Amino acid sequence: MTDHPPSYDALMASSDASILIARAEVARAAGDLDTMRATLVEAFRAARSADDNEAMAEAALALPSSLGFGVHPGQVPAYLHEAYLSATDQRTRARLLVGLTRAWTYGGEAARAADFAAEAQDLAALVDDPAISADALDAALLTCWGPDDFAERIRLAARLEEVSGHLADPELRMTAHLWRLTTAWECLDVLAVQRQLRALDLLAEETGSARVTFFALSRRAMHAQVVGDLVAATELRDRLGLIAAGLAEADVPAVLHSLDAELARQQGDRPRLAAEAEEFAAFALAEGIPSILGQAAVYRLDAGEPELAGLLVDQLPDLSTVPHDVDTLLILTTAGYVAAGTGRLDLAAEALALLEPYAGRSVLNAGAVSFHWVVDDVLARLAAALDLESAPGWSRSAQAAYRRLGASWWSTRLGEDLGTGGPVPVPAPGADEVHLSFDGEVWSIGRRGATFVLPDLRGLHHLRHLLERPGVEVAAVDLADAAGGHPGTGVRASDLGAVLDEAAKRAYRRRLGEIDAEIDEADAWSDPARLERATVERQAILDELSAAVGLAGRDRRVGGTAERARMAVRKTITAAIARIERHDPAVARLLRDTVRTGTWCRFDPDPGRPVDWVLDVPPR
């Protein structure tokens, strides 16, 4: 037998890794995700033996697509992290950071993903690659999917749509539309829901992609369920089943089961709903996923099995310990719904207290595959179970939300379950009178008969200007100027050029490459002092570049008028609403829900909460 030189052996090992990666792709195309994952692990190890960093990265980057949402990621994050430490190309490192974010988030541990998402955004800004910027924004969105991150989620989703809109990659464009669709459902923005559904339809038609078509049809099916078109929902579900047969997607079974369970629930098919509940519970207990266990409990209750529903909800974690992530509202509302329906009053009281801050939101499962209810619906049930006077008020607000969505099944069911024999009566849409007026010295704010006074705040001038122009987009720079010379408003400033010129950015990037080499060498030589110095310098350079380079590598401008106006207006409006909230949380919530800030600002009245804004001081 001939001994080959090491370089030949390395080449053969590298070829083996490439062949294995190709085999994994064949397995994926055949829908065999278990074989795909095992083959990618084998390819990763072969590439590691050959010191082939590129093949290691390629194998590692393909692994997250084999993960189902909520399922423990196993060794996948370890492979991604090892590939990240070995990679020298900054684009590859950024992509691996995105992969790490997805692996941990899909595995139900979003908190561990946050640092990776932040670093991915830093590198994306550095390498000036819009596709990587879009990937990094998607990663950032995954880590701020909790109910308290809604404003940031709106902002990031808008930025992602802006970046991906000029990219040919249908996957990135689809991701942007799905995020915008999810946030639209969350805040009950019916027009935005329709717009994003149409965008997904067009993308599926233009690309002919089976995967894009699956996502577009599944979201159409969910919408059909919400508006009560069960014939269309059933037809779409059947089409999805045909597409799914040839689609290698880890979450396909979860999507189909979610649609099936909600169809059975609305159709009153108790045996089929009980069967779905059993499937949900078995998966939830095997994988340790509280949100799916909560859904199983709801389906048991609605299938006429309250004892089994109670046994399942009793296995949920203490509600006060539930992390604030993508599943928070789903866990809290499913627990509350079953607690109200089975007489668990202590649990009902705890759920009520935890849910009240999120009134006005809709509740979806991960990825917005199914719509469950609005938070106010569950609050009404909990208040009724606890014999609280607030029950009718929560019922009315839930009914207003359902009327806005066209969700007649939920509306009727809520009324029946609360003993009214039908939908809870909703008053004719009469407008509340709310004051936000300035007399030259102080502001008068609040409902008629319950107004309060605030000192002169710049953000209140901005709010009044928007409220005077419903549905009209106003540039932030014009909004700032419209404050009428209010002290500190001046954002009209000349553009003094980029924070860093091209030569400085090239020098920084060259130095980053040198530092990465120093870090690798210090790590290999076990020199912690040198490693720490290099790491600190690297972070300092990244911080400097992050301050100088914006989205997709665009230069930040010194004194840039639009950017300074955007930041100033957003800050002052946020501060003004926070001051209002101390006196009247409902008015503050209404303003947060209807006023949008950014480079362009807009006030969109909520038809479900009509308001007659009094913006001028009444004559004396």
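What you are looking at is a predicted structure, and each value in this text was computed from that prediction instead of being measured.
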Problem - Pairwise distance CD(Gln225) to OG(Ser370) - rounded to 0.5 angstrom - result: 7.5 Å
Practice task
Nearest 0.5 Å please: distance from the OG atom of Ser209 over to the CG atom of Leu203.
Solution key: 8.0 Å
Exercise for the section: Only counting residues at least two apart or in another chain, list the ones meeting ring-ring contact (aromatic ring centres under 6.0 Å, His included) with Trp394. Expected result: none
Exercise for the section: Answer whether the closest heavy-atom distance between the side chains of Leu80 and Pro64 falls below 4.5 Å. Expected result: yes
Exercise for the section: Look at the aromatic rings of His81 and Phe116 and report parallel, tilted or perpendicular, splitting at 30° and 60°. Expected result: perpendicular
Exercise for the section: May I ask you to test the Thr342-Arg300 pair for a side-chain heavy-atom distance under 4.5 Å? Expected result: no
Handout entry: Exceeds 12 heavy-atom contacts within 6.0 angstrom, atom CZ of Arg239
Key = no
Problem - Heavy atoms of other groups near Glu278 CD, more than 12 under 6.0 Å - result: no
Exercise for the section: Specify the closest pair of heavy atoms between His177 and Leu200, including all atoms of both residues, with the distance to one decimal. Expected result: CB-CD2, 3.8 Å
Problem - Between CZ on residue Arg396 and CZ on residue Arg403, distance to nearest 0.5 Å - result: 12.0 Å
Completion exercise
Residues at least two apart in sequence or cross-chain that pass ring-ring contact (aromatic ring centres under 6.0 Å, His included) with Phe280, listed by chain then number, are Tyr299
Problem - Arg589/Asp593 salt bridge by N-O under 4.0 Å criterion - result: no
Problem - Asp377 and Arg381 ion-paired at < 4.0 Å - result: yes
Fill in the blank from the handout: So salt bridge (Lys or Arg N to Asp or Glu O under 4.0 Å) across residues 146-155, not counting sequence neighbours, yields Glu152-Arg155, Arg153-Glu186
Problem - Point-to-point distance, once rounded to the nearest 0.5 Å, from CG of Leu330 to CG of Asp325 - result: 10.5 Å
Exercise for the section: Say whether Arg272 and Gln267, considering side chains only, have a donor N or O and an acceptor N or O under 3.5 Å apart. Expected result: yes
Exercise for the section: Before accepting this row, confirm whether a basic side-chain N of the pair Arg596/Asp189 lies closer than 4.0 Å to the acidic partner's carboxylate O. Expected result: no
